[in-house]
4 protein chains.
Amino acid sequence: MGESVSEGLIQPDKDKVKERILNAAMLIFAKNGYHRATTIKIAKKAGVNEVTIFRKFKTKENLLNAVIRKNLNETLNTLDLILCKEKNADIEICIKTLGINLKQFFDDRMEFILFMITEGRKTPETRILFTQFQFKMLEHLKDYFQEQINLGKIRRINPDLLAFTLFSFIFNKSISEEVFEHKFLPDDLNSFEEYTNIFMNGILP
Amino acid sequence: MGESVSEGLIQPDKDKVKERILNAAMLIFAKNGYHRATTIKIAKKAGVNEVTIFRKFKTKENLLNAVIRKNLNETLNTLDLILCKEKNADIEICIKTLGINLKQFFDDRMEFILFMITEGRKTPETRILFTQFQFKMLEHLKDYFQEQINLGKIRRINPDLLAFTLFSFIFNKSISEEVFEHKFLPDDLNSFEEYTNIFMNGILP
Amino acid sequence: MGESVSEGLIQPDKDKVKERILNAAMLIFAKNGYHRATTIKIAKKAGVNEVTIFRKFKTKENLLNAVIRKNLNETLNTLDLILCKEKNADIEICIKTLGINLKQFFDDRMEFILFMITEGRKTPETRILFTQFQFKMLEHLKDYFQEQINLGKIRRINPDLLAFTLFSFIFNKSISEEVFEHKFLPDDLNSFEEYTNIFMNGILP
Amino acid sequence: MGESVSEGLIQPDKDKVKERILNAAMLIFAKNGYHRATTIKIAKKAGVNEVTIFRKFKTKENLLNAVIRKNLNETLNTLDLILCKEKNADIEICIKTLGINLKQFFDDRMEFILFMITEGRKTPETRILFTQFQFKMLEHLKDYFQEQINLGKIRRINPDLLAFTLFSFIFNKSISEEVFEHKFLPDDLNSFEEYTNIFMNGILP
DNA sequence: TATGAATGAGAATTCATTCAT
DNA sequence: AATGAATGAATTCTCATTCAT
C-alpha cells in the first residue's frame with residue numbers, strides 16, 4: 001500500500017531498494033559469513049532481483065563494505081546515546097547501568113560484531129573502520145574515568161586501563177554467551193552487581 | 001608402488017601423512033577461513049595430492065572436525081601446564097605470571113581461536129568441543145580462586161566471577177591486538193602490573 | 001518534463017540524438033569490437049540514457065547495422081572526392097598523389113575498417129555493404145587505368161589487376177602500421193616515390 | 001611402459017587432451033571471435049568437460065594466448081618451408097611459384113590471421129608475437145631480392161620495398177577473398193602470371 | 001519522449017569430489 | 001595405497017532489454 005501513485009507522502013521509494021538490500025545483506029552476512037552468504041540469498045531476502053544488487057553495489061565485496069560502513073555508523077550512534085546518558089550519577093550506579101546497557105547493546109549486535117571480527121579483518125578499509133569502533137567506545141569510557149579521577153572519586157589509576165578492564169568484562173560476557181553453549185555466569189543483573197563490587201573494592205579481604 | 005623401499009618395514013611415515021595434512025589444514029583454515037581454504041591449497045601445503053585428503057578424511061567438513069578436535073586437545077593440554085604451574089606462589093605474583101603466560105598462550109593461537117569462534121559455531125559438534133575449551137579454562141581459574149578464598153587470602157566473592165573477570169581481561173587484550181589496527185594498551189608487562197593492582201585493590205581511593 | 005523549455009518549438013535537436021548515438025557507437029564499436037562495446041558505454045559516450053538507444057534502434061544488432069551503413073556511406077563519399085580529383089594530371093604524379101591521399105584516408109579509418117572486417121563479416125547484410133566499399137574503390141581505380149590505357153599512356157594490361165595491385169600496396173601499408181608493432185617501411189612519402197617507380201618501370205634492369 | 005594395460009601403442013593420450021582443447025579453441029575462436037567463442041562451445045568441440053579447460057589453462061585469456069602461440073609457431077614453420085624452396089630457379093618462375101604457394105598458405109589460415117589481426121592486437125604479448133610473423137615473412141622475401149640484386153638480375157631497388165610490394169599483393173588477394181562476397185580478380189593462376197609481368201616490367205608502354 | 005529501475009539469460013570461474021589406473 | 005585426470009554443482013558477474021513513470 002503505502003507510498004504510491006500520489007498520496008503526497010514524504011518518503012519516496014527512492015532508495016528503499018538500496019536500504020532493503022543492505023538490511024538483507026547484513027542479516028545474511030552475519031548469519032552465514034561472507035562466503036556462505038550468496039548474492040542470490042541476499043536478493044531473495046531483500047525481495048529484489050539478484051542483478052539489482054550488482055547494479056547498486058557493483059561487486060559483492062563492495063556490498064560487504066557498504067554493509068559494514070552502514071552498520072558501524074548506526075552502531076556508533078547508538079553507542080553515543082548509551083555512553084552519554086549516565087555521566088553524572090553516583091559512580092557505582094553509573095557503572096552498573098552503563099554495564100547493563102552496554103551488555104544489551106552488544107547482545108543485540110553480537111552476530112554482526114563476530115562477523116566483523118572475522119571478515120572485516122581481511123580488508124584493510126573495514127579493518128580501520130572497525131578499529132574506530134572499539135577505539136571510540138574505549139575513549140568514551142576513558143574520558144568518564146578521567147573525570148572521576150579529577151573529581152577525586154576514584155584513585156589515580158591509568159584511565160585507559162580502567163576503560164579496557166570494564167569493556168573487557170562486558171564484551172566478553174556477551175561474546176561468550178553467543179559463542180559457547182554454556183553460560184558460565186548466568187544472570188546479568190547479579191553478575192554486574194558483583195562485578196562492580198570487585199571492580200570498586202578489589203578482591204583483597 | 002614406487003616409494004616403498006622394502007615391503008615389510010614398519011613404515012613410521014604411516015600416518016605422518018595424516019598428520020601433515022592436519023597441520024597444513026589447521027594453518028590454511030586459520031589463515032583463510034573455511035571457505036577460502038581450498039582443499040588444493042591444503043594439499044599443496046601438506047605436500048600431498050589433493051585426493052589423498054579425501055582418502056583420509058572423506059569430506060572437507062570431516063577434515064575440519066578432525067583439525068578442530070586435534071588442535072583443541074593439544075591446546076587444552078598446553079593450557080593444563082600453564083594453569084597448574086603457579087598455584088602455590090604469592091597471590092599477586094601468581095596472578096601476574098599466570099596472566100603473562102595465558103596472554104602468550106592466546107597470542108600464539110589467536111588465529112585459530114578466531115577461526116573456531118566463527119566456523120566452529122556453525123557445526124554443533126565443534127561448538128560443544130569449543131565450549132569445553134572455555135569451560136575448562138574457567139574451571140581451572142575458579143578452582144584456584146576457591147582455594148585462595150578457603151585459605152582466607154581473598155574475600156568471599158563468587159569465584160566464578162573472579163575467574164571470568166581475569167579471563168576476560170587477558171583474552172580481550174589478545175583478541176584486540178589481533179583484530180584491531182590500534183593497540184589501546186601498548187605494553188603487556190606494565191598493563192598486567194597495573195591490572196593486578198586494580199583487581200586486588202579496587203578503584204576506590 | 002524537465003528540459004523542454006517550451007512545448008511547441010521545432011526541436012532541431014530532434015535527431016541530433018540519433019546522430020550522437022551513432023557517432024558514439026561507431027567509436028566504441030571500432031575501439032572495442034562488438035561484444036566489448038556495451039550499450040551502457042555507448043550511452044555514456046553519447047550522453048544519453050541507455051534506454052534511448054533501444055527506443056531509437058530496437059536492438060544492439062540494429063544499431064550495429066545503422067552504424068555500418070552510415071559510416072560506409074560517409075566513407076564512400078569521401079572516397080569519391082579523393083578518387084575524382086586527380087584524373088587529368090600526369091600519370092606518375094597522379095598515382096603518387098592518389099596514393100598519399102588514399103593512405104591518409106585508410107589511416108583515418110583503419111580502426112573502423114578492421115572492425116568491419118571482423119564483425120561485418122558475420123552478418124550477411126553488412127557483408128554485402130562492405131563488399132561494395134571495396135568494389136567501388138577498385139572500380140574507380142580501374143576506370144582511371146582503363147582511361148589511361150585508352151589514351152595509350154600505359155600498356156594494355158588488365159586494368160582490374162592494375163587497380164588491385166595499387167590498392168593492395170596502399171591498403172596493406174595502412175593495415176600493417178595499425179596492426180603490427182614494427183614499421184617495415186618507415187616513411188610514406190619516400191615509399192610512394194619508390195613504389196611508383198617500380199609500378200611504372202618494373203624491377204628488371 | 002607407462003600408461004597402460006597393453007596395446008603397446010606409441011602415442012599415449014598424455015597431452016592429447018591439452019592438444020584437443022587447443023585445436024578446438026583455435027577453430028571456435030577463429031570462427032566466432034573471442035567473445036562469441038564460449039568456453040562451453042570449445043569444451044564440446046574438444047569433447048571434454050568445460051572445467052577441464054580451466055584446469056589446463058586457468059583462464060580463457062590464457063587459452064587464447066596458448067592458441068595464438070601454438071598456431072603462430074606452426075605457421076612460422078610452414079612458412080619457412082615455402083620460402084626456402086625456390087631460391088635458385090629463374091626469377092620469374094620463382095616469384096610465380098612463391099606467389100602461388102604463399103597464397104595457398106594464407107588461404108588456409110586466413111580465418112586465424114583475421115582473428116589475430118583483431119583479437120591479437122589487444123594483448124601486447126600476442127601483438128609482438130604476431131608482429132614477428134609478418135616481419136619474418138618480409139625478411140625472407142627481402143633476402144631473396146637482395147640476392148637477386150647482388151647477382152645483377154634485377155635493378156638496384158630498395159629490397160624492403162620489393163618484399164613489401166609482393167607480399168601486399170598476395171596477402172590482399174587472400175584477405176579480399178575471405179572478407180568480401182565478390183572476387184575482383186577471379187583466377188589465381190592467371191592473376192599471378194599477369195601480376196608478375198607488371199612487377200617485372202612495369203606498366204609503361 | 002525520455003529515463004531510472006529492474007530483470008532473464010547466459011558467461012567465466014571455483015571447488016569439492018569421483019574415476020581409472 | 002596413491003595419484004593425475006575429469007567433472008557437476010554453484011557462484012559471481014555482465015549484458016541486452018523491458019517496465020513503469
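In the text below, chain A, chain B and the rest are named by the order of the sequence lines, each starting its count at 1. Computed from a prediction, not measured in an experiment: that's the story for all the values here.
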Round to a whole Å and report the spacing from CD1 of A:I53 to P of E:dA5.
-> 16 Å

If we call it a pair only when both distances are under 3.5 Å in a Watson-Crick or G-U wobble match, what pairs with F:dT21?
-> E:dA2

Contact pattern, 5' to 3', of nucleotides 12-17 of chain E - B, S or - by protein heavy atom under 4.0 Å | SBBBBB

Between the CG atom in C:L63 and the CZ atom in C:F29, the distance rounded to the nearest 0.5 Å is 4.5 Å

Where does the angle between the aromatic ring planes of C:F130 and C:F133 fall among parallel (under 30°), tilted (30 to 60°) and perpendicular (over 60°)?
-> parallel

Quick one: label A:V48 by what it contacts on the DNA or RNA (base, sugar-phosphate, nothing), any heavy atom closer than 4.0 Å.
-> sugar-phosphate

Answer yes or no: is there a donor N or O on one side and an acceptor on the other, between the side chain of A:K41 and the main chain of A:R36, under 3.5 Å?
-> yes

Any side-chain donor paired with an acceptor under 3.5 Å for C:N49 and C:T52?
-> no

If only atom types and distance count, is the side chain of A:K70 paired as donor or acceptor with the main-chain N or O of A:E19 below 3.5 Å?
-> no

Hey, does the side chain of D:T52 come within less than 4.0 Å of F:dT7's phosphate (OP1/OP2), counting only N and O?
-> yes

Interatomic distance where CD1 belongs to A:I21 and P belongs to E:dA5 [whole Å] = 11 Å

Counting N and O atoms only, with roles assigned by atom type, does the side chain of B:Y34 sit under 3.5 Å from a partner on the main chain of B:E61, one being a donor and the other an acceptor?
-> yes

Check whether any side-chain nitrogen or oxygen of B:K56 sits under 4.0 Å from OP1 or OP2 of F:dA1, and answer yes or no.
-> no

May I have the distance from D:N49 (atom CG) to F:dA9 (atom P), rounded to whole angstrom?
-> 11 Å

For C:K44 and F:dT14, what is the distance between atoms NZ and C1' respectively, to the nearest whole Å?
-> 13 Å

CD1 of A:I42 versus P of F:dT11: gap in Å, rounded?
-> 12 Å

